[in-house]
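A short write-up of the structure that comes next.
In what follows, chains carry the letters A, B, and so on, assigned in the order in which the sequence lines appear, proteins first and then strands, with residues in each chain numbered from 1.
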Protein chains: 2
Amino acid sequence: MRKGEATRARIVAEAARQAALRGLTGVSLSDVADAVGISKSGLFKHFESKDDMHLAVVESVMERFSDVIWKPAEGLPPGRARLEVVFERWLHWCEEEWPDSGCPVTALSVELDDQPGPLRDLLHKRLQGWRKTMLREFRALREPPLSEAEAQAAYFQMKSFILGHSDSRRMMGDADAHRSATAAFEALLDRTCRIAA
Amino acid sequence: MRKGEATRARIVAEAARQAALRGLTGVSLSDVADAVGISKSGLFKHFESKDDMHLAVVESVMERFSDVIWKPAEGLPPGRARLEVVFERWLHWCEEEWPDSGCPVTALSVELDDQPGPLRDLLHKRLQGWRKTMLREFRALREPPLSEAEAQAAYFQMKSFILGHSDSRRMMGDADAHRSATAAFEALLDRTCRIAA
DNA sequence: TGACAAAGTGACCGATCGTGCTCTTTCTAG
DNA sequence: CTAGAAAGAGCACGATCGGTCACTTTGTCA
């Protein structure tokens, strides 16, 4: 049973790579199978259907997302330093983990936000979990803690800068996108810490 | 020759609608033809190929973008009020002009940013033009004018809030997204005006 | 080592894709 | 009104899509 799991993982990784490039709908099972080095029918020993593979791709991407971005910050105590690590890892995720395609979370969000179904539900759940984590993090940014509304406003802007960074870097070809995003985020932290209690 | 132009316009509008929903690649010529009420082969009297139609779609979307967002602000004198109108129209564009699909400019950007070719080039050119307009606008926000770097930082954040707004509203189901974006933008204008000369 | 399940292959299915062809209808300009 | 052009219909094509099935190979465990 070990061999199968390894192959399945390779399939999911390759499908995620292609989905980040062409979108989930744009991924053909033949292309994935060829890239992995098995036949198209061999693929069906690991997934019931293409939809089933899509679910595995979303799950896998969000797991990697957490590993790459949250894990390095998890050990630090809550506060500004930890938020800074998270933001920098998030930029790193977009730039280095998916250099050819751009962030698959963004791609999946844009593709699925208007397509109700289990796939969107799964992504929504994972993103809500991440949002909860970040809101908790922002609330602990300062003593006394930020209000819920303040934390929401801060996370809204943090996420916005991430999205803006990808658009600037990938669509507009802006080499300074990383710096622009970091500067905007640092300023956000500055003024958020300064809010009167 | 008049009839043809009208049909072509209907085709492009319908293709844009579907592209915003499923992505350009996800649009099939049969579906577009059916929705418009002509045969698939009749479609080819208006476009040489699917790629040709894609170009028309991008061009049309960016034209509507300018009409909806820039035109209502064009008459106003440069300054904060005009920027506020632009931002509000931009949100309106995302929310009301494409209620079922979300902003097609975002969708096209995410889809095309990793696909070199004339389609990406066209979108890039139009977005660069828009960016130029906005930078000029930000520079005139205050006397003495903002530096180029300050204007770039401001536009980066403005665009980010637009992207964050769509993600919050459509993917996260946040009914307050409009308010969050507007509040963030107003605060951006506040502190941008306040920068020491 | 032998048996059985898991993993993988190749041929094939019906549907749909973009696109070319010929033919008919419809519009429009003289 | 009429002739010619534009607009559109209908059909068929090769390719590719997701998916099935019978079969062979490979891995695992008693």
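In summary, A:E14 and A:R17 engage in a salt bridge, as defined by a charged side-chain N under 4.0 Å from a carboxylate O. One finds no salt bridge joining B:R179 and B:D174 here, because no Lys/Arg side-chain nitrogen approaches an Asp/Glu carboxylate oxygen to under 4.0 Å. Between B:D67 and B:R89 there is no salt bridge, since none of the side-chain N atoms of the basic residue sits less than 4.0 Å from a carboxylate O of the acidic one.
The CZ-C1' distance, from A:R10 to C:dA7, rounds to 12 Å in whole Å. If you measure from atom CE of B:M53 to atom C1' of C:dT19, you get 13 Å, rounded to the nearest angstrom.
The aromatic rings of B:W90 and B:Y155 sit parallel to each other, their planes meeting at less than 30°, with 60° as the upper class boundary. In this pair, B:F185 and B:F138 present their aromatic rings perpendicular. The plane angle is above 60°, beyond the 30 to 60° band.
Residues B:F156 and B:F161 place their aromatic rings such that the two centres sit no closer than 6.0 Å.
In the region residues 15-29 of chain A, proximity to DNA chain C at under 4.0 angstrom, judged on heavy atoms, holds for none of the residues. Within residues 31-51 of chain A, the residues approached by DNA chain D to less than 4.0 Å at the level of any non-hydrogen atom are A:K40, A:S41, A:F44, A:S49, A:K50, in residue-number order.
Looking at A:E111 and A:T25, their side chains do bring a donor and an acceptor atom within 3.5 Å of each other.
Note on A:F65: it does not cluster hydrophobically with A:L21, by side-chain heavy-atom contacts below 4.5 Å among ILVMFWY residues.
Between A:S30 and the phosphate of D:dC17, there is a side-chain N or O to OP1/OP2 separation shorter than 4.0 Å.
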